[in-house]
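Let me begin by presenting the structure, written as structure tokens, before commenting on it.
Residue numbering restarts at 1 for every chain, and letters A, B, ... go by the order of the sequence lines. In what follows, every heavy atom counts, from backbone to side chain, and hydrogens, waters and symmetry copies are set aside.
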Protein chains: 2
Amino acid sequence: MLATLAGGVGAARFLAGLVRVVPPVDVVAIVNTADDDEFHGLYVSPDLDSVTYTLAGASNLAQGWGLESETFATLDALARYDVPTWFRLGDKDLATHLFRTARLRAGAPLSAVTAEITRAWSVDVRLLPMTDDPVRTRITVQRPDRVEELAMQQWFVGERAEPPVVAVRFVGAEYARPAPGVLEALTLADTIVICPSNPVVSIGPILAVPGVRDALAARRDRVVGVSPIVGGAPVKGPADRLMAPLGIEVSCVGVARAYAEFCGSLVIDAVDAERAAEVEAVGVHAVVTDTMMRSPEIAAALAAETLAAVA
Amino acid sequence: MLATLAGGVGAARFLAGLVRVVPPVDVVAIVNTADDDEFHGLYVSPDLDSVTYTLAGASNLAQGWGLESETFATLDALARYDVPTWFRLGDKDLATHLFRTARLRAGAPLSAVTAEITRAWSVDVRLLPMTDDPVRTRITVQRPDRVEELAMQQWFVGERAEPPVVAVRFVGAEYARPAPGVLEALTLADTIVICPSNPVVSIGPILAVPGVRDALAARRDRVVGVSPIVGGAPVKGPADRLMAPLGIEVSCVGVARAYAEFCGSLVIDAVDAERAAEVEAVGVHAVVTDTMMRSPEIAAALAAETLAAVA
């Protein structure tokens with residue numbers, strides 16, 4: 001059994017490659033839920049959905065989020081009611097949010113609803129939310145005249161990750177319990193993969209759930225990460241806008257330093273080959289390969305290399 | 001000022017005619033909410049929406065419910081999650097239910113949310129839910145081997161009004177308070193019109209809200225109804241399936257008897273002209289005219305005749 005720590009799109013693509021080299025039922029994905037938010041009264045879980053839709057072959061690859069062939073009739077109609085509609089929820093996607101929200105209000109934990117949703121999409125990877133408890137990423141940004149704290153989606157989508165970041169916190173993390181199965185997976189897995197996801201706001205919240213970081217550290221030799229930073233920039237998303245202000249170098253070396261305590265190996269891209277020695281210098285075994293997942297075949301090759309790193 | 005008691009489609013068409021002969025801002029519509037129900041966690045208020053959409057000129061006239069040019073992408077996608085989708089909520093319509101539900105959960109009373117929705121649709125008629133409290137119509141039906149109680153929409157839409165009706169009750173009615181403005185409108189109105197709506201499940205619940213029936217009875221001379229039964233059958237909907245089992249004759253005379261206590265005049269269709277004497281015999285002034293609202297012009301003429309009946 002393999003355990004993985006996963007954020008959104010980068011993790012989803014990696015997992016889609018991974019299931020080409022190992023049986024999906026042998027993979028547990030522990031997914032960030034600190035990006036979750038409520039829109040129009042609906043509970044939206046962006047990373048769980050990105051992973052589910054991608055593994056189901058239904059995600060909009062060009063767009064990088066949501067479902068393929070989406071329409072936006074409901075969202076466009078909501079504009080009439082003068083509510084913010086910058087978070088683009090498609091009509092088909094809304095069905096997932098309606099179902100999830102109704103089940104949560106009926107008292108089902110997020111982990112149980114996630115299992116129902118993945119079953120409905122015939123996804124055999126076992127998706128676990130990092131916790132069934134509410135954890136929310138809050139981004140403190142610098143305004144011209146003051147600082148202000150924003151919800152993650154407000155900063156990332158609503159303001160296109162533009163406002164400079166001063167601080168990040170994960171509200172509720174200290175009281176959160178790992179979802180059922182999370183610690184068991186980390187304890188029993190042959191290999192633990194930290195997917196190529198944002199180290200600060202995707203992997204960071206999972207590590208902030210009490211017990212997870214220690215569970216990883218105890219298995220450090222079996223933990224392998226994939227750097228989401230290639231050539232000094234994130235492959236996708238705003239990782240650089242978050243890492244730099246928090247004092248993390250925007251490079252595979254910065255990722256290695258941030259993960260060194262609990263991660264024995266790190267896969268870095270071929271363009272960063274010359275930095276492998278620096279990764280090794282912080283006590284992390286460096287594996288150099290092509291990490292740009294331009295196709296499912298490349299993602300599968302990356303997954304195979306990643307597993308081989310701790311084989 | 002005119003007060004009206006309104007159900008769904010029949011009332012909506014009548015009101016669309018009425019606002020051609022009196023200023024919309026002078027009209028208060030007190031609308032049945034006992035058909036309201038929850039689908040996929042959303043609060044759906046069929047009669048309020050039928051009236052709003054029709055007055056906004058946006059209703060699907062051919063279909064008799066919902067919005068024109070609708071799509072059903074979300075509902076079709078919900079089928080994946082194995083939830084019942086027989087209640088056909090369109091994508092644009094869903095925006096109304098999302099907005100209303102979020103506002104209700106935020107603590108706004110239904111009357112306040114209704115005002116927000118009608119304003120968004122530029123509807124100048126003042127729509128009042130009969131109550132801000134939950135009242136729900138329950139239909140007891142005869143099964144081959146037993147009786148069973150169904151929610152209104154389950155019976156009407158889910159089972160196409162087919163199961164024979166044994167009894168009807170309005171759960172919660174005895175504890176409901178008229179919404180703000182309802183009793184004031186009934187007290188101050190120059191004329192009170194009972195729209196051509198189902199006497200049992202559209203007008204019945206409004207009358208069941210404590211205070212409403214007495215307020216009408218006190219103004220009996222100013223109250224005029226429009227019979228929804230023409231030639232011994234309802235113009236639309238399942239009124240006959242509800243009236244007969246409850247001992248109400250399915251005719252304009254049956255309507256007159258049911259309303260006689262609080263309604264001084266009743267508009268009946270020309271095809272029922274020979275029954276005018278029977279209506280008069282129960283103490284209700286009969287007005288004979290064309291009540292089949294085949295066009296907004298005919299609806300406007302009907303509205304004018306209706307107002308003239310008590311002028």
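Among A:I117, A:T71, A:T101, the residue making the largest number of heavy-atom pairs under 4.5 Å with chain B is A:I117. In terms of heavy-atom pairs under 4.5 Å with chain B, the best-connected choice from A:F99, A:W121, A:F72 is A:W121. Residue with the most contacts toward chain A among B:A77, B:A102, B:A106: B:A77 (heavy-atom pairs, distance under 4.5 Å).
To the nearest 0.5 Å, atom CG of residue B:L42 and atom NE2 of residue A:H40 are 12.0 Å apart.
Contact of the A:R105 side chain with the B:R105 side chain is registered, since non-hydrogen atoms from C-beta on lie closer than 4.5 Å. Between B:L94 and A:L94 there is no side-chain heavy-atom pair separated by less than 4.5 Å.
Below 4.5 Å, heavy atoms of chain A meet heavy atoms from B:R80, B:Y81, B:V83, B:D91, B:K92, all part of residues 79-92 of chain B.
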